[in-house]
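Every chain is numbered from 1, with letters handed out A, B, ... down the list of sequences.
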Protein chains: 2
Amino acid sequence: MVFNVTVNSAWRATRTLWLLMLVSLSVSICVCRASSIQEEDSAMENIVTEKKVEESHRQDSADLLIFIMLLTLTILTIWLFKHRRFRFLHETGLAMIYGVLVGVVLRYGIHVPRDISNVTMSCHVNASPATLLLNISGKFYEYTLKGEIGANKVNDVQEDNEMLRKVTFDPEVFFNILLPPIIFHAGYSLKRRHFFRNMGSILAYAFLGTVVSCFVIGLLMYGCVLLMKQVGQLGGDFFFTDCLFFGAIVSATDPVTVLAIFNELQVDVDLYALLFGESVLNDAVAVILSSSIVAYQPQGDNSHTFEVMALLKSFGMFLGVFSGSFALGVATGFTKLRDFPLLETALFFLMSWSTFLLAEACGFTGVVAVLFCGITQAHYTFNNLSPDSQDRTKQLFELLNFLAENFIFSYMGLALFTFQNHVFNPMFIVGAFVAVFLGRAANIYPLSLLLNLGRRNKITSNFQHMMMFAGLRGAMTFALSIRDTATYARQMMFTTTLLVVFFTVWICGGGTTQMLSCQHIRVGVDSDQDNPVSITEGSERRSTKQESAWLFRIWYNFDHNYLKPILTHSGPPLTATLPPCCGPLARFLTSAQAYENECQLKDDDSDLILTDGDINLTYGDITVSTDASGSHTSGGPAFAGAATSDDLDRELTYGDHELVMRGTRLVLPMDDSEPPFTDPHYRLRM
Amino acid sequence: MVFNVTVNSAWRATRTLWLLMLVSLSVSICVCRASSIQEEDSAMENIVTEKKVEESHRQDSADLLIFIMLLTLTILTIWLFKHRRFRFLHETGLAMIYGVLVGVVLRYGIHVPRDISNVTMSCHVNASPATLLLNISGKFYEYTLKGEIGANKVNDVQEDNEMLRKVTFDPEVFFNILLPPIIFHAGYSLKRRHFFRNMGSILAYAFLGTVVSCFVIGLLMYGCVLLMKQVGQLGGDFFFTDCLFFGAIVSATDPVTVLAIFNELQVDVDLYALLFGESVLNDAVAVILSSSIVAYQPQGDNSHTFEVMALLKSFGMFLGVFSGSFALGVATGFTKLRDFPLLETALFFLMSWSTFLLAEACGFTGVVAVLFCGITQAHYTFNNLSPDSQDRTKQLFELLNFLAENFIFSYMGLALFTFQNHVFNPMFIVGAFVAVFLGRAANIYPLSLLLNLGRRNKITSNFQHMMMFAGLRGAMTFALSIRDTATYARQMMFTTTLLVVFFTVWICGGGTTQMLSCQHIRVGVDSDQDNPVSITEGSERRSTKQESAWLFRIWYNFDHNYLKPILTHSGPPLTATLPPCCGPLARFLTSAQAYENECQLKDDDSDLILTDGDINLTYGDITVSTDASGSHTSGGPAFAGAATSDDLDRELTYGDHELVMRGTRLVLPMDDSEPPFTDPHYRLRM
C-alpha cells in the first residue's frame, strides 16, 4: 500500500521554529545555570583552590557552549533563509545579530554579584617572571604571566564583571586558531581561470591599492585627530603611527557576504575574480603593513614615525615565507600516498598547519604563510591527491572555514556589549567612516583608470562603483584591531572598527542585490563562457597587453613546462618539454602517472573549468573556439622533440587545450602565437 | 606516442626515505632553532614583558611544530609499512617510538641555559585569587592562577628545564581536546550487527568485568604497597583509595592496535565485536569509577575509604547524561537540512561538541556524554543525514580520531623522557604488571564461564585467551593518569602506567598475528556471513536464550516500531506500527520521506550490513535463508492494521528483512516466531 501523504511546508516551518525556540531557551538556561553554579558553590564552601580551578573550567565550558548555541542558531536560521531564498541577510550578518542579542542579555540581563577575587600586591621585585610562585600562608600557588596592564586600567580589571571577562577570549585565539583556516581556505579557493586572467589588476588593487588606502586613511585620521585635539575631544595619546595603524587594519576588505550573493546570482566572473582576488591578497598586505608599523613603534625614542626599512624588511620576510610555504607544499606533493586517503588528508592538514607554526616559530606572521601555502597547495599539491582526498580536503577546509567565520562574526556581535573598555568617540567615528569611504575611493577609481589604460577588457564604471560598494570589512580587520587593546588609542580604534564592520556587513552586504540591479550589472552569466563583450572591444591594445603580460608569460611557461611536471602528475611529461639532450633526466623525473594522464584524457574532475563540449579560449586578442570532439586529444608526435621556442609556444597552446580537458585547475592562455591547427571555429581578430 | 616507462618501486622507496630524512632533519632544526631564538633574544635586550609573551608564543609554536613533525613522520612511516604489508608495528606503537626518540633528544641532546625566571614571593594574603595583579616597580602585571603546588615541589619548579616544561602540555588538553574525538568516533563506530548480537556479553565484560578488574588490581596493589612499606621502599603516602584509583585507570582497555590487525586479517566478527564493544564501554566505566573515587578523597577527614554512595551518584549522573545526549542526538535528527550538506555537517559537529560542553558545564564527565552521544547519533541521527553528509561526518571524525590518537601516543613516548617528576619504583612496577595481568584474568575467565552458561554461541577458550592477550592499555589510561600528578602516589602511578601502556602496545600489539595463529583463530572470515559453526551448535539452550533476551527484545521492538519512525526517516511508517485508532497522529508524525523509503527499496548505502544477493539471518536458534529476489520487497497489505501482538511480531520479522535491504544499520533478530512466508531456503532447527 502506498501512502501519498505529503507533509506541507507550513508544518515543517513550524517544527523548525519550535526547534529554534528550544535552542534559544537552552542558551539562556545555560547562561543562567553557569552563573548560578558559581554563586552556589562559592557560598557553600571555603575557597579551595582546586574547586576554583574546576569551577573556572566549568565556566569556560559554559561560555563556549554559548558560542556553540549561537552558531547552531545561526545555522538553523541560515537554512531557513536558504530554503526561502531570502538574500538580504548573509549568515555572517546573521551571526552578528545573534551575537549582539546574546551580548545584550549577558550585559544587562544577568546580574552576577561582584567577585572581589582580584588582589593587587606590591612586591619589590625587579623583573616580571613568566612563572610566579606565591606563598600564601604556607601553601604555594603557581601563577602564569598574562601581560602588562596600564596603570589607569588597574581599577577596571578589579571592577570587571567576572562573567563578561570570561566570555572575552584571548585575542590571540583569533590569530592562532580562527583566522588560519579562513585564510587558508581563501588561498585554497584561488584557483579559477578568471583570477589568473585578471592577475595584474588584482595584484595592483591588492598591493598598491591597499598601501594607498592605508596612507589616505592614516592621513585623514591624523587630520581628524589633530582637529579633535584642538576641540578637546581627545582623552589620550594618539600618534601618527596609530593613525597609520588604523589605516592598515581597516584596509583589509572581506566581501564574503557580497561574494556569496555573486555566486548565487552568477554575477560577471571578472568582477567576482577582481573582488575575491583583491580581498584575499590585501589581507596579507594589511597584516604585513600593520605589523611593520607596530614593530617600530614602542622602541622608546618617541619618534613614532613610519620607517620604510620596516616595510622593506617585511617584504623580505614575505619572500622568505613564500618560498618556505612553496617548499612545504612541494614536499607534500612528493609523497604520493594515493592508496590511503585518510593518511593523505591527515598529511595535507598537518603540512598546512605546520606552515603556520613554522612561520610563527620563526617570528613571521603565520597568517600570511598560510595564505601562500593555500595557494601553492591548490596549484600543485591538489593535483597529486587522489580524488577521494581532493574531496575530503575541500570539505574539511570548507567546514573549518564556515565554523571559524561564523564564530568570529558572532563574537563580534557579542563584543559590542561584552567588551569592557569601549571608547565611543563620535567625532572619531564619523571621521573614520569618511576616511574609510575616501580611502576605498582613492584605491579603486585612480587605479582603475590606470589599469584601464593597459586592459583590453575594461573595468567599466559600474564595475568600479560595485567594487567601491563591496569594500566590506570583516574577520581580518576585527582580528587585527582586537589583538592589542591596551592603550586609549587602540581602544578607540577597536570600537570604531567594530562599528565599521557592522555598518559595512549589514548595509553594504544587505544592499548587494539592489546595488547590482541599480548598476545594471549582468546577472546569470555562465562562468564557463567568456563575456562576449570582452572579445569584440579593445582589440587595438594588443601591444600594451603584450608588454604587461611578458613577465607573467615567462613564469607561466616555466611553471607549466617544468614545475608542474616535476611537482605534480599533471602537465605534459618532461620528456616532451625538455630538450632531447636531457632525455634521461626527464624520464627520471617524470612519474609514470603523468604519462598515463597524458594518454588517457580523464575528465572525472567535478571542478572542470570548461565543459567538454565546447572549448572557448581567449588568447590575448585572439579567440579560439574549438569543439573538443576528440580530434585533438591524443598526444601526437608533435610533442616529441619540442626544443625550439616556436615549438614550445605551439605545444603550450596545444597543452593548454589538453590541460583544460584533463581538469587541471590553471588555464592561463597568455600566448598569442598561431594555434597549430586550423579549425572551422578558429577566428583571428586583429 | 605512448611512453611505457614504469618507475620501479626501489626508486620510489628511496625517494620516500629521502623525504623521511628531510622531515626528521627539519624536526631537529626546528628544535634547535626554537632554543637558539630564545637565547639570542634574551641576550640582546632587556627583559620586556611584551617580548617575553611573544617569545613564549614563539616557543609554543615551535613545540607544537615538534609534535606535528612527529605525526608527519609517523604518517609517512605508516604509509611505508602499509605499502609493505608490515604488521608487527601499528601506527600508535610507531608514534610512541618516535616520541621516545625525540624525548631523548630533547632531554639529553639540547642544553638550554637555566633561566632563573621563577620567583617565589611570600605575601600575606588569605585567599589565592584567580587573577593576580602584581605591582612591580610601578608597572602592573596580570597573572592567572594555575594551581597549587606541594611544598616539596617548589624547588622542582624552580629547577625545571624551561624547555621540557614547555613541551609538557596542560593535562586537561587531553581530556578536553584530544580524548573527545577519539571517544566519539568509537561510539560512532558502534553500529555493527555483531555488536548488538553480543550485547549482553559486551555489557557484562564492560561493566561487571571492569569493576571486578578495578577491585582486584586495587586490592593486589594495596598488598604490594603494604609490603613496600614493610621493606621501606615507599617514599610517601599511598592510601587504599590510591590503589583503587590505580585499579580504575588501568582497567580501561584500548585494543586499537589489535583491532586494526583484526580488521585487516578479517578475524572472526564475534571476537571483534566483543573486544571492540568492551573497550568502548569500559572507558566510560573507568572514567566514572575513577572520578567517583577521587570525588570523595580530599574531603579532609582522612578516612580515605571508598564510598558506595559516590558510585551510586555516578550512576545516576550516568543516566542523566545518557538521556541528555540522547535528547541532543534526537534534536539534531529533527532538522532535516538535507539540501545543504555543509550546514548539516556543521550542525552535526556542533551538536556533538555541545554535548561534551554541556556535560562539562554541569559538572559531569564530558567524555562519557560524548560516548553516548556518538552511539545515539550513529543509531538515529545518521539515518537522517543526506548521503553526502554521512560521508563527510564519517570522514571528519575519522580524521580527528586518527590525529588525536597518534598525537596522544607520540606524546606518551615523549613524556617518558620529558616529564620531570617520574618516580620509578621497581617493586611497584613489578607488582603493577602482575596485578594488571591478574585483574584482566579475573575479568575475562570467570565472566566467560558465566556467560557461556547463557550463550548459544559459546566464547571458546581460544577466544578467551585472545581477549586476555588483547587487554592493551592506551589513550584513556594515559589521560586519566596524567590528569593529576601532584602527589608522590600519583607520580609513581603515572610512571608505572606509562610503562604498562608501552609494554602492552609494543609486546601485545606486536604479537597479535603470532597469537592469532598460535590460538588457531580463524582468519579471513567474511563479516557478512554468519559463522556456520554458530548455527549447528548450541540449539538446546533456546529457553535460556529466550529469557535473557526478553528485556532486550522489548526495547528493540519499541525502538524499531516507534522511536526510529518518529526520530528518523527509516523504519516502517508509524501508520503501520501504531494501532488503527491512532491513524491521524501516525500520519502527522511520519515524514513523507519515510513513505518514500518504504516504497522504494534503496540500497545506496555503502555500509549495508548484508549483501543483496543472499540474506541469511539467525533468529535465535532458527536460521532463515532467503534470496532477496524481490519477491518479498514491496510493502504489502500485511502492514495495514498490525494491531495484535502476533501481527506485530510477524511484521517485525518482515520489517527486519526490509530493514536490512534498505541499509539501516541495526539488525537485531531476536524474534523466533514463524516467519510469515514459506521459502524453499527456510530451515527450522529445534
**OP:** With sequence neighbours left out, write down each residue that passes side chain to side chain donor-acceptor pair (under 3.5 Å) with B/N176, or none if nothing qualifies.
**Re:** none
Original post:
Mind checking what makes side chain to side chain donor-acceptor pair (under 3.5 Å) contact with B/T393, not counting sequence neighbours?
Top reply: B/Y188
Subject >> Pick from B/L403, B/N406, B/I78 with the largest number of heavy-atom pairs that fall under 4.5 Å of chain A >> reply: B/L403
Original post:
Between atom CD of B/E398 and atom OG1 of A/T345, what is the distance when rounded to the nearest 0.5 Å?
Top reply: 8.5 Å
Subject >> Gap separating the NZ atom of A/K394 from the CG atom of A/L399, nearest 0.5 angstrom >> reply: 15.0 Å
Original post:
Which atoms of A/L396 come close to chain B, meaning under 4.5 Å heavy atom to heavy atom: side chain ones, backbone ones, both, or neither?
Top reply: side chain
Original post:
Given a strict heavy-atom distance threshold of 4.5 Å, which part of B/L64 is in contact with chain A: side chain, backbone, both, or neither?
Top reply: both
Original post:
Is it the side chain or the backbone of B/N401 that comes within 4.5 Å of chain A heavy atoms, both, or neither?
Top reply: neither
